[in-house]
> 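One structure follows; several queries about it will come next.
Each ligand, and each atom within it, is numbered from 1 in the order the structure gives. Quick caveat: nothing in here was measured; it's all calculated off a predicted structure.
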Amino acid sequence: STATFTSGPGPIPTVIPTPTQYEVSGETGHRTLWTVFALMVLSSGVFSILSWNIPVSKRLLHVVTTLITITASLSYFAMASGHATSFSCTTARDHHKHVPDQYYTECRQVFWARYVDWAITTPLLLLDLCLLAGVDGAHTLMAIVADIIMALSGLFAAYGTTATQRWGWYAIGCISYLFVIWHVALHGARAVQAKGQGVSRLFGSLALFTFLLWTAYPIVWGIADGAHKTTVDTEIIIYAVLDLLAKPFFGLWLLFSHRAIADTAVDVGGWWSNG
Ligand code: RET
């Protein structure tokens, strides 16, 4: 096959015949995507039922948490039905196998719905944590914007064709992530002191859980999407487990604790509850 690629900062269009290798998902990945879709729909139903006899003015955490799993349901439907996916191709020089050097192209399936999902749901997860701790609007907004930049950086990294593009965006994403973590930990810990001990302990546990779980994503991305060291199916399975912990499990933990601990009541003035 042939590949068109450019090298260097100025585009030098060249057509060089290169062997192309495709990495695509298989039956296991497909089944996993449908299973997670079903579980996300189920969780959305459960979260809706949990808000049933709670007045709308007190439902903010329920609404945010339900929107998270509804968004995940849509993104998993898109991925499972074979939508929202395309190939990202990189051309590299193969130094070892051929004399003289030969170029080869590797095209890996990218499920871009994942990044759209993350750009919507990770800000909502941060909103949950910030509302719980009572972080002010300004700091919440800054964490959310940095988080959106993080998720979009992942999308650009996944479609980069050169190492500079891919790892450059990845580095920008990691810096944004550090900003998010630092912001939520610092301002969350500070703000939650004004609430009861029960809320402090709950926020501490949820924030630590979030930090540990979220840190797995850039590691998995680096190994699977960045370095292409796993198959597409393995990547689907790992993200599936992480997503189920980050959304349905996190949501159940938050909403049941919210129900049990009175101090977790959210106060955003008249903006949500109209006074
Ligand atoms: C990317 C690559 C760029 C660098 C970093 C990343 C972090 C991703 C994270 C994703 C979290 C997703 C969650 C989904 C919920 O279901 C985009 C992989 C830092 C933290 C919690």
> Will you find, in the side chains of His228 and Glu106, an N or O donor that is under 3.5 Å from an N or O acceptor?
yes
> Check for a donor-acceptor pair, side chain of Tyr76 on one end and backbone N or O of Thr35 on the other, with a separation under 3.5 Å.
no
> Using a 4.0 angstrom limit on heavy atoms, which residues are close to ligand 1?
Trp118, Thr122, Met150, Gly154, Tyr170, Gly173, Cys174, Tyr177, Trp214, Tyr217, Pro218, Trp221, Asp243, Ala246, Lys247
> Taking side chain to side chain contact (heavy atoms under 4.5 Å, CB included) as the criterion, tell me which of Asp128, Leu50, Leu61 meets it with His258.
Leu61
> As a quick check of understanding, evaluate side chain to side chain donor-acceptor pair (under 3.5 Å) for Tyr177 and Ser153, giving each step before the final call.
CA-CA 10 Å; Tyr177 177 59; Ser153 298; over 6 Å; no
> Kindly write out the residues that satisfy ring pair (Phe, Tyr, Trp, His ring centres under 6.0 Å) with Tyr22, not counting sequence neighbours, or none if the list is empty.
Phe87
> Less than 4.0 angstrom from a charged side-chain N to a carboxylate O is my criterion; do Arg114 and Asp225 meet it?
no
